[in-house]
There are 2 protein chains.
Amino acid sequence: MARVRLVDVAERANVSMKTVSNVVNGYAHVQPATRARVQAAIDELGYKPNLTARRLATGRTGMIALAMPEIDHPYFAEVARHVAEVASDHGYRVIIEQTLGDETAERAVLRDRDAGLVDGVIFQPLRIATLDIARFHQDLPLVLLGEVEAPVTTDHVMVDNVRGAADATSHLLAAGRTRIGFLGLVEGDITATNSRRLLGYQEALVGAGVPLDPGLVLTTSGFGSDAAAVAVDDALSRGLRFDALVCRDDRFAIGALTALRRHGREVPGDVALVGWDDSAMAQWAWPPLTSLAPDKHELARVAFELLLERMQGTTGVGRHRVVPHTLQVRESAPGA
Amino acid sequence: MARVRLVDVAERANVSMKTVSNVVNGYAHVQPATRARVQAAIDELGYKPNLTARRLATGRTGMIALAMPEIDHPYFAEVARHVAEVASDHGYRVIIEQTLGDETAERAVLRDRDAGLVDGVIFQPLRIATLDIARFHQDLPLVLLGEVEAPVTTDHVMVDNVRGAADATSHLLAAGRTRIGFLGLVEGDITATNSRRLLGYQEALVGAGVPLDPGLVLTTSGFGSDAAAVAVDDALSRGLRFDALVCRDDRFAIGALTALRRHGREVPGDVALVGWDDSAMAQWAWPPLTSLAPDKHELARVAFELLLERMQGTTGVGRHRVVPHTLQVRESAPGA
DNA sequence: AACCTGCGTTACAGCGCTGTACATTCGTCG
DNA sequence: CGACGAATGTACAGCGCTGTAACGCAGGTT
């Protein structure tokens, strides 16, 4: 079953290839009669345009890449969904690249090893730093996601991690908690996200006149909830006393939940917990997690919009956008 | 900054375009000296092959589509991750299409509206039935996922839903449960998944000499956990008595958990719960869910392998593969 | 010496589409 | 009534790559 080509349709309809092309692409100035004849030929032959050929001719691929550490992490999966939807509204398809936080994979994203695959990239880096981004990034339109020290030339979308952490902390203070811990820093982590959130946590405490206790800042050995559970376990075994934890994300909060339960502590009775990302886990955990909710839809929308402008030729210095967040209050840390 | 093309490299290295192409593609019979000269030219000019052009010339895209109802559903996200990894090992990239369970979108997947975008499709249908699949599917290699009545010509990978449900039910029987319900059928659902699972549940009960009680089969109004919670709420309010539920998936189990909690029933004390998918939710839920675990990695591997063979030209009747499952036992339904 | 063999390489014709430049027709206006 | 611009359609040259056929040449065979 040989593929039907433009020229086949053209022959059938007794017009030139280009006229068929015009019909397919909805070009305005085609006689209704001609259009009808061409359309009939298209339907009869079951013609479908070959995207690859079109791409070669136009130089546009109509695809963007979305590169993230893990596509099955709830937060990233949700962001991916929103990006795919926004892109689709604008006629773009999305290729998802999973970097698994691997430095080589992240560089490959920037190097654009194979040219002409996508028109632009939305990229949430995990391991790679500013210098590398500037060094490896070439002329492919790029928008960065997350708390990255983006080079001055690169567009960038994030939430205000300092404000977010401060909001979470203030919520706990307002609810009467006095010994609030931060979970947590991650060993070997070079991104700024955690330190920004830690800063927000500290600012809120200082702002409320609560003395900082370095012992209340817990460090984990990794990004998984297991690592978080171990850190909380350790703290409890050491006899550390706290009545609330600001967690760097929902996974950590889940880990904390597990550890607290093992030690017979009640949530929120003994310890209140705030997570971050407002991912599906926050809703289904027990008790459901109060969680700092970045506006993921807005994040995707803004990121795609910036990228679209770049793809359309906008040049100039990098633009930095902050998307709003809210605190989604649930049982793990109820209001005052 | 004009793009470097093959011909530019060829000029620089004083060879023909084709020789450069041979070097780029690792063709064996190239003199080491020539190869080195060409490679040097490539490096100096920073040449990167244009994938679109290559595709047009070869007719292969090196991409497959993965079409699923929702990419941020934990189960699908995990499967997507595995598919992406397997595909990547074989040099393929994955485009993720989200159908949102929309019939039109599902048909579009099969119709392959734009030709030449991908070499094959892995597709988990939700709404579309056998006839439609046969009708709309054209010559694009296709592998179906899930309990579908696949047309005889189409490859297909699934878990044994009857056995799985029977295993889950037997586990509950072995643990001494006597009034075991099934949650649930879904109104308007036309796929076979639920009815197969219901069948397995019934077979296990009959096999153990437990009389079937139709009242213990609950029907929900949708696929979300909210709908499941409503169904369980209703059953409890009606005074239905049961000491275990086999749930059609983890989302339903989560919904059941919510409803039981509202009515003051303990899990697993009063009611044991078995989910399905062994998605991440099963682990975060409290109590953690015993869940029927399809081997998702194997599912992805087998599906991709079948697709690969089709893309390489295998023809013939559809092959049906069953991938193994295990019962992941956690607190919501402990062993005997 | 004439002939083959096979490696290394080249020249060139596509792959299927769109952009550009140009030809034709038509309605309208001075 | 001729002229001119807009509307409509055509021809053809690319887009950048790979497949194919064919060529030159070294080394071995008869």
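Model, not experiment: these values are computed from the prediction. By convention in this document, chain letters (A, B, ...) are assigned in the order of the sequence lines, proteins followed by strands, and residues within each chain are numbered from 1.
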Exercise for the section: Keeping to residues at least two apart or across chains, list the ring-ring contact (aromatic ring centres under 6.0 Å, His included) pairs with something in residues 7-27 of chain A. Expected result: A:Tyr27-A:His29
Using a cutoff of under 3.5 Å, can you pull out all pairs of nitrogen or oxygen atoms linking the protein to nucleotides 21-25 of chain D, with atom names and distances?
none

Practice task
Heavy atoms only: give me the nearest A:Val159-A:Val323 pair and the separation to one decimal.
Solution key: CG1-CG2, 3.6 Å
Practice task
Please test B:Val79 against B:Gln124 for side-chain contact (heavy atoms from CB on, under 4.5 Å), starting from the C-alpha separation and ending with a verdict.
Solution key: CA-CA 11 Å; B:Val79 171; B:Gln124 172 126 15; 6.0 Å; no
Problem - ring pair (Phe, Tyr, Trp, His ring centres under 6.0 Å) partners of B:Phe223, counting only residues at least two apart - result: none
Exercise for the section: State which residues pass side chain to side chain contact (heavy atoms under 4.5 Å, CB included) with A:Pro141; sequence neighbours excluded, sorted by chain then number. Expected result: A:Leu307, A:Arg310, A:Met311
Problem - A:Arg54 CZ to D:dG14 P, straight-line distance once rounded to whole Å - result: 22 Å
Problem - Atom-pair distance (CD on B:Glu11; P on C:dA11), nearest Å - result: 12 Å
Handout entry: Protein-nucleotide distance (B:Lys48, atom NZ; D:dG16, atom P), rounded to Å
Key = 14 Å
Problem - Side chain A:Asp43, main chain A:Ala40, donor-acceptor under 3.5 Å - result: no
Fill in the blank from the handout: Residue set satisfying side chain to side chain contact (heavy atoms under 4.5 Å, CB included) with B:Ser16, at least two apart, ordered chain then number -> B:Lys18, B:Thr19
Exercise for the section: Output yes when a side-chain donor or acceptor of A:Asp102 lies under 3.5 Å from a complementary backbone atom of A:Thr99, and no otherwise. Expected result: no
Handout entry: Contacting residues from residues 15-28 of chain B, given that a heavy atom lies under 4.0 angstrom of DNA chain D
Key = B:Met17, B:Lys18, B:Ser21, B:Asn25
Practice task
Figure out the CZ/C1' separation between B:Arg55 and C:dC17, and round it to whole Å.
Solution key: 16 Å
Handout entry: Electrostatic pair B:Arg319:B:Glu309 at N-O distance under 4.0 angstrom
Key = yes
Exercise for the section: Determine: side-chain N/O of B:Thr34 to OP1/OP2 of C:dT9, distance under 4.0 Å, yes or no. Expected result: yes
Exercise for the section: Kindly write out the residues that satisfy side chain to side chain contact (heavy atoms under 4.5 Å, CB included) with B:Thr58, not counting sequence neighbours, or none if the list is empty. Expected result: B:Arg54, B:Arg60
Exercise for the section: Show your reasoning for whether side-chain contact (heavy atoms from CB on, under 4.5 Å) applies to A:Leu56 and A:Thr52. Expected result: CA-CA 6 Å; A:Leu56 186 57; A:Thr52 305; 5.8 Å; no
Practice task
Using atom types as modelled and distance alone, determine if a side-chain donor or acceptor of B:Asp155 lies under 3.5 Å from a backbone N or O of B:Val143.
Solution key: no
Problem - Spacing between A:Asn50 atom CG and C:dC17 atom C1', to the nearest angstrom - result: 8 Å
Problem - Comparing A:Val7 and B:Pro32 on DNA chain C - which has the more 5′ nearest nucleotide - result: B:Pro32
Practice task
Send over the distance from B:Leu6 CG to D:dG16 P, rounded to a whole Å.
Solution key: 11 Å
Exercise for the section: Round to the nearest Å and state the distance from B:Arg37 atom CZ to C:dT9 atom C1'. Expected result: 11 Å
Practice task
Just grab all the side-chain hydrogen bond (donor to acceptor under 3.5 Å, both in side chains) pairs involving residues 75-87 of chain B, residues at least two apart or on different chains.
Solution key: A:Glu70-B:Arg81, A:Asp72-B:Arg81, A:Gln98-B:Glu85, B:Glu78-B:Lys296, B:Arg81-B:Glu85
Practice task
Under the ring pair (Phe, Tyr, Trp, His ring centres under 6.0 Å) rule, collect the residues that match up with B:Phe304, sequence neighbours excluded.
Solution key: B:His90, B:Tyr92
Practice task
Return the residues of residues 57-65 of chain A meeting this criterion: a heavy atom under 4.0 Å from some atom of DNA chain C. Order them by number, or give none.
Solution key: A:Ala57, A:Thr58
Exercise for the section: Spell out, as yes or no, whether a donor-acceptor pair under 3.5 Å connects the side chain of A:Arg321 to the backbone of A:Val157. Expected result: no
Problem - Inter-end axis angle, the helix from C:dA1-D:dT30 to C:dG30-D:dC1, with every axis fitted to five base pairs (rounded, 10 degrees) - result: 60°
Completion exercise
Here the pair of heavy atoms bringing A:Pro49 nearest to A:Val24 is CG-CG1, 4.4 Å
What does the list of N/O pairs under 3.5 Å between the protein and nucleotides 4-7 of chain C look like, with a distance for each?
none

Exercise for the section: Please state how far atom CZ in A:Arg5 lies from atom P in C:dT18, giving the value in whole angstrom units. Expected result: 14 Å
